[in-house]
Amino acid sequence: MLARPTVTVARELLGATLCRRLPDGTMTAAPIVEVEAYTQDDPACHAFRGLTERCRVMFGPPGFAYVYFIYGMYNCLNVVTEPDGVPGAILIRALDIEGCTGPGKLCKTWQIDRSLNGVDLLDSTGPLWLEGGHVTDDEVIATSERIGLNVGQDRIWRFYAKDSDFVSGPRRLGGRKQTRPATEKVAKVLKNL
DNA sequence: TTTGCGATTCGG
DNA sequence: CGAATCGCAAAG
């Protein structure tokens, strides 16, 4: 499923449920509502210059977590894609739940750091994993340039649930406060996964 | 080794 | 718009 073109998978990942089991046993889960795709031939991708220690997991099999540290204080979570040997990843930018708007905040809130780099995201007995299907309804999905890049801005590889109030960054005209739950329409789609 | 900067966020 | 804050990777 994840061993396919990153951009395709990214779009389909919207609506999947990210689940977290904290060290103390606490469990949390929420739908993914914003993602960005990064591929080998993409200048903004960590794997663009080849394999390095940091992006090693991106070159491995799909379904594993690629967590990196950025700006001296934040962590970002990615889902590795593409067949083993081909780098590719999807940055998880927001979950449909309070405190998880933005890749850095999401990781801070759910206590995700580099110690989770390389964990199997398809293992529901682990600390972090994915469940559920995906959204295919174009009507509830929006697209845009990726956020915070100085290269690769020509690639429209950011996908987000149109009406989720937890999506980060630039939004549609008259951006609203991000404190309400997703609208009924999106909520319904997310529920039928 | 050194250096410049980054897939961010928050405050002024 | 700039500070915070530090690991990474390209350059020296």
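Note that these values count all heavy atoms, side chains included, but never hydrogens, waters or copies made by symmetry. Just so we're on the same page: letters track the sequence lines, and every chain starts at 1.
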Original post:
Looking at residues at least two apart in the chain, or sitting in another chain, which of them share a side-chain hydrogen bond (donor to acceptor under 3.5 Å, both in side chains) with A/Thr39?
Top reply: A/Asp41
**OP:** Apply side chain to side chain contact (heavy atoms under 4.5 Å, CB included) to A/Asp24 and list each qualifying residue two or more places apart in sequence or on a separate chain.
**Re:** A/Leu22, A/Thr26
Subject >> Lys NZ or Arg CZ of A/Arg56 over A/Phe59 ring: under 6.0 Å, within 45° >> reply: no
Subject >> Nearest non-hydrogen partners of A/Thr17 and A/Ala29, listed with the distance >> reply: CG2-CB, 3.8 Å
**OP:** Would you name the heavy atoms of A/Ala10 and A/Ala37 that are closest together and state the gap between them?
**Re:** CB-CB, 4.0 Å
Original post:
Taking atom P in both B/dT2 and C/dT5, what distance in whole Å separates the two?
Top reply: 23 Å
**OP:** Write down the distance between CD1 (A/Ile156) and C1' (B/dA7), rounded to a whole number of angstrom.
**Re:** 15 Å
Subject >> Lys/Arg-Asp/Glu bridge criterion (N-O < 4.0 Å) met for A/Arg158, A/Glu34 >> reply: yes
Subject >> Contacts of type side chain to side chain contact (heavy atoms under 4.5 Å, CB included), residue A/Phe69, not counting sequence neighbours >> reply: A/Asn75, A/Arg114
Subject >> Pairs meeting criterion ring-ring contact (aromatic ring centres under 6.0 Å, His included) with involvement of residues 70-124 of chain A, two or more places apart >> reply: none
Original post:
Earliest and latest nucleotide of DNA chain C, 5' to 3', sitting under 4.0 Å from a non-hydrogen atom of chain A?
Top reply: C/dA4 to C/dA10
**OP:** Determine, for A/Glu82 against A/Arg4, whether the closest basic-nitrogen to carboxylate-oxygen distance falls under 4.0 angstrom.
**Re:** no
**OP:** Give the other cluster members for A/Trp129, using side-chain heavy-atom distances under 4.5 Å between Ile, Leu, Val, Met, Phe, Trp and Tyr residues; answer none if it is isolated.
**Re:** A/Met27
**OP:** State whether the side chain of A/Gln153 and the backbone N or O of A/Leu149 hold a donor-acceptor pair below 3.5 Å, judged by distance alone.
**Re:** yes
**OP:** Name every residue in residues 36-64 of chain A that has at least one heavy atom under 4.0 Å from any atom of DNA chain C, in order of residue number, or write none if there are no such residues.
**Re:** A/Arg49, A/Thr52, A/Arg54
Original post:
Using Watson-Crick pairs (N1 to N3, plus N6-O4 or O6-N4) and G-U wobble pairs, both distances under 3.5 Å, which stems of at least 3 pairs involve DNA chain B?
Top reply: B:1-6 with C:6-11, B:8-11 with C:1-4
Original post:
Which part of the nucleic acid does A/Arg114 contact within heavy-atom distance under 4.0 Å: base, sugar-phosphate only, or nothing?
Top reply: sugar-phosphate
Anything under 3.5 Å between a protein N or O and an N or O of nucleotides 1-4 of chain B, put it in a table, one pair a line.
none

**OP:** Apply the test side-chain contact (heavy atoms from CB on, under 4.5 Å) to residues A/Ile112 and A/Arg20: give CA-CA distance (whole Å), side-chain angles for both, the deciding distance (0.1 Å), then the verdict.
**Re:** CA-CA 9 Å; A/Ile112 295 170; A/Arg20 171 80 168 120; 4.1 Å; yes
**OP:** Using a heavy-atom cut-off of under 4.0 Å over every strand shown, decide if A/Asn150 touches base, sugar-phosphate, or nothing.
**Re:** sugar-phosphate
Original post:
For residues 4-46 of chain A, which residue pairs qualify under ring-ring contact (aromatic ring centres under 6.0 Å, His included), counting only residues two or more places apart or in two chains?
Top reply: A/His46-A/Tyr66, A/His46-A/Tyr68
Below 3.5 Å between N/O atoms, which protein atoms pair up with nucleotides 8-10 of chain B? Just atom names and distances, please.
from	atom 1	to	atom 2	distance (Å)
B/dT8	OP1	A/Arg93	NH1	3.1
B/dT8	O3'	A/Gly104	N	3.4
B/dT9	OP1	A/Gly102	O	3.4
B/dT9	OP1	A/Pro103	N	3.2
B/dT9	OP1	A/Gly104	N	2.8
B/dT9	OP1	A/Lys105	N	3.1
B/dT9	O4'	A/Tyr74	OH	3.0

**OP:** Please identify each residue that fulfils side chain to side chain contact (heavy atoms under 4.5 Å, CB included) with A/Asp84, with sequence neighbours left out.
**Re:** A/Pro61
Subject >> Spacing between A/Gln153 atom CD and B/dA7 atom C1', to the nearest angstrom >> reply: 12 Å
Original post:
What's the spacing between A/Ile156 CD1 and A/Thr143 OG1 if we round to 0.5 Å?
Top reply: 8.5 Å
